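Structure record follows, encoded as structure tokens.
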Amino acid sequence: MADTRFNDRVVIITGAGNGLGRSHALDFGKRGAKVVVNDLGGSGFGEGADQRVADVVVDEIKAAGGEAVANYDSVTDGDKIVQTAMDAFGRVDVVVNNAGILRDKSFQNMTDEDWDLIFDVHVRGAYKVTHAAWPLMREQGYGRIVFTTSAAGIYGNFGQTNYSAAKLAQLGMAQTLATEGRKKNICVNTIAPIAGSRLTETVMPKEVLDLLKPEFVTPLVVKLCDENSEVTNGLFEVGAGFLAEVRWERTQGAYLDTEAGFEAEDIDASWAKITDFTDAAHPADIGEANKAIFAGLKR
Ligand code: NAI
């Protein structure tokens, strides 16, 4: 098995001071990448800032013989993070959008501030970093981007309306960027990880957290960012050594009579068919998905 190397590749990892981001940064560093360790150093709740958080990881990478530089900006100033990469290393090859916080509350108790802050960090932050790196990747005809969503986004989770919505927004961004980046050799994928970190320490017992090592998530991120990988537009659940791809599924559906017209009551007769997942379809893109709708016009 050939070693996966990132010699002369410049890798930006956001939120790389703790948890998953730190694990990714150390692994890329070990594989010859020039790593930009971004971290604001705030709390898991999105308050405060501390430069030491990024500095410690930079020191760890250097102590292991790697190359790294720290960036302390919020991902909402993503252009500054990309500028740090350009100033230090002159290019950007890989972006791992990983920075994140939580503001968990039942919807009933959620404030506008809880909503806005989660969207600022997860959606605007991922957008800003990626948007600044995008023209550089297009220009060089090469790029690898990983977004970090969550099972809470894919499936929903009590107390996480803001987080679920923001995390699934990242998947939407990734899917469209995979389409826009295809011709320029920019591969874009999304992971939904589970790992023990300060974000999960309040919701899982310590014995379980100790087994959910971030190091069990990082290998997939590294693989997806390999220059030899052509995987794009993928969504993967990953944690505790379990890796699986996830995709949309659609029933064969039913066509109602548009000529005669139909109303809510007419749907009942077709409901079993509308909701029957036997022989379900898996549309791979919007064109394939819409074919079923447009087929209805020709009947
Ligand atoms: P963590 O709290 O250990 O690490 C996140 C890092 O992001 C922290 O070092 C924090 O300072 C940094 N950060 C937060 N806001 C930032 C900002 N505005 N700008 C720059 N850096 C910022 O959390 P963990 O668990 O490693 O999470 C990493 C990502 O994985 C997050 O996006 C999280 O939502 C996602 N995730 C984690 C899961 C888990 O089981 N740990 C589950 C699903 C998703």
Side-chain angles (χ1 to χ4, degrees), residues 12-27 36-58 60 70-82 84 95-104 116-130 146-157 160 162-171 173-174 190-204 208-218 220-221 235-240 242 246:
I12 294 175
I13 319 267
T14 69
N18 283 295
L20 287 161
R22 172 178 168 274
S23 167
H24 304 337
L26 294 177
D27 205 319
V36 178
V37 175
N38 157 261
D39 208 292
L40 180 63
S43 74
F45 201 61
E47 287 167 337
D50 184 350
Q51 299 195 346
R52 282 171 303 182
V53 173
D55 285 341
V56 167
V57 176
V58 169
E60 279 183 274
N71 169 283
Y72 316 114
D73 290 302
S74 168
V75 280
T76 51
D77 290 318
D79 44 331
K80 293 188 186 162
I81 302 172
V82 171
T84 296
V95 170
V96 181
N97 286 305
N98 166 80
I101 54 166
L102 290 175
R103 282 277 172 127
D104 293 356
D116 291 343
L117 191 61
I118 288 294
F119 268 73
D120 270 355
V121 174
H122 291 277
V123 185
R124 189 169 170 75
Y127 154 72
K128 286 290 281 183
V129 179
T130 309
V146 171
F147 285 84
T148 310
T149 187
S150 163
I154 303 170
Y155 304 108
N157 195 22
Q160 296 197 306
N162 51 357
Y163 182 75
S164 312
K167 280 308 205 187
L168 214 57
Q170 287 206 24
L171 177 64
M173 225 187 300
T190 307
I191 59 160
I194 295 196
S197 79
R198 62 186 195 159
L199 292 189
T200 43
E201 69 189 1
T202 51
V203 291
M204 281 188 249
V208 176
L209 288 172
D210 288 346
L211 298 172
L212 291 171
K213 293 190 172 65
E215 289 77 11
F216 297 146
V217 173
T218 295
L220 176 63
V221 173
L235 168 63
F236 301 90
E237 288 181 18
V238 51
F242 175 72
V246 182

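In this text, all values refer to a predicted model and were calculated from it rather than measured experimentally. Each ligand, and each atom within it, is numbered from 1 in the order the structure gives.
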Give a yes/no verdict on whether any heavy atom in Thr149 is under 4.0 Å from an atom of ligand 1.
yes
Sub-4.0 Å heavy-atom contact, Gly44 with ligand 1
no
Distance under 4.0 Å to a non-hydrogen atom of Gly41: what atoms of ligand 1 satisfy this?
11 (O)
For atom 35 (C) of ligand 1, the protein heavy atom that lies nearest, with its residue and separation
Thr148 CG2, 3.6 Å
Give the residue and atom name of whichever protein heavy atom lies nearest to atom 4 (O) of ligand 1, and the separation in Å to one decimal.
Asn18 CB, 3.7 Å
Atom 24 (P) of ligand 1 [closest protein heavy-atom partner, distance rounded to 0.1 Å]:
Ser197 OG, 3.5 Å
Does the side chain of Leu211 reach to within under 4.5 Å of the side chain of Val208, using non-hydrogen atoms?
no
Okay, side chain of Ser23, backbone of Gly19: is any donor-acceptor separation there less than 3.5 Å?
no
Within the 4.0 Å heavy-atom shell around Ile101, which atoms of ligand 1 are there?
14 (C), 15 (N)
Candidates Tyr163, Tyr72, Phe147; heavy atom nearest atom 34 (O) of ligand 1 found on Tyr163
Among Gly100, Ser74, Gly78, the residue with a heavy atom nearest to atom 5 (C) of ligand 1 is Gly100
Counting from 1 in the order shown, the ligand 1 atoms closer than 4.0 Å to a non-hydrogen atom of Thr200 are 39 (C), 40 (O), 41 (N)
Mark up the atoms of ligand 1 that fall under 4.0 Å of a heavy atom belonging to His122, in ascending order.
32 (O), 34 (O)
Counting neighbours of CZ on Arg52 that are heavy atoms of other residues, nucleotides or ligands and sit closer than 6.0 Å, is the number greater than 12?
no
Please state which protein non-hydrogen atom is closest to atom 13 (N) of ligand 1 and give its distance, to 0.1 Å?
Ala99 CB, 3.9 Å
Just by modelled atom types, is the Leu209 backbone N or O under 3.5 Å from a matching donor or acceptor in the Glu201 side chain?
no
Quick note on ligand 1: atoms under 4.0 Å from a heavy atom of Asn38 include exactly 20 (C), 21 (N)
Distance-minimising heavy-atom pair for Leu199 and Gly100:
CD1-O, 4.1 Å
Using a 3.5 Å distance criterion without hydrogens, assess whether the side chain of Asn98 forms a donor-acceptor pair with backbone atoms of Gly15.
yes
For atom 37 (C) of ligand 1, which candidate among Thr14, Leu40, Leu20 holds the nearest heavy atom?
Leu20
Looking at Val146, Val37, Val221, which one forms a side chain to side chain contact (heavy atoms under 4.5 Å, CB included) with His24?
Val221
Of all protein heavy atoms, the one nearest atom 31 (C) of ligand 1 is Asn98 O, 3.1 Å
As an exercise, identify every atom of ligand 1 less than 4.0 angstrom from a heavy atom of Gly19.
3 (O), 26 (O)
Proximity flag Arg22 to ligand 1, non-hydrogen atoms under 4.0 Å:
no
Looking only at protein heavy atoms, which one is nearest to atom 6 (C) of ligand 1, and how far off is it?
Gly15 O, 3.5 Å
Given Val37, Asp39, Leu212, identify the one with the heavy atom nearest to atom 12 (C) of ligand 1.
Asp39
Give yes or no for whether the N/O distance cutoff of 3.5 Å, strictly under, is met between Val75 and ligand 1.
yes
Starting from atom 40 (O) of ligand 1, what is the nearest protein heavy atom, named by residue and atom, and what distance separates them?
Ala195 N, 2.9 Å
Is it the case that the side chain of His122 and the backbone of Leu168 share a donor-acceptor pair, with hydrogens and angles ignored and the cut-off at 3.5 Å?
no
Report yes or no: does a heavy atom of Gly42 sit under 4.0 Å from some atom of ligand 1?
yes
Side chain to side chain donor-acceptor pair (under 3.5 Å) partner of Asn97, chosen from Thr130, Thr14, Thr148:
Thr130
Exactly one of Asp27, Leu26, Val238, Val96 clears side chain to side chain contact (heavy atoms under 4.5 Å, CB included) with Thr218, and that residue is Asp27
For the OG1 atom of Thr149 and the CG atom of Leu171, what is their distance to the nearest 0.5 Å?
6.0 Å
Using only atom types and a distance under 3.5 Å, with no angle test, would you say the side chain of Thr76 pairs donor to acceptor with the backbone of Lys128?
no
Could you pull out the closest heavy-atom pair between Gly17 and Val53, with the gap in Å?
CA-CG1, 3.5 Å
Heavy-atom contacts with Ile194 under 4.0 Å: which atoms of ligand 1 show up? List them by number with element.
40 (O)
In terms of residue, atom name and distance, what is the protein heavy atom nearest to atom 38 (C) of ligand 1?
Pro193 O, 3.8 Å
Check Arg103 against Phe45 and note the closest heavy-atom contact, atom names and distance.
NE-O, 2.9 Å
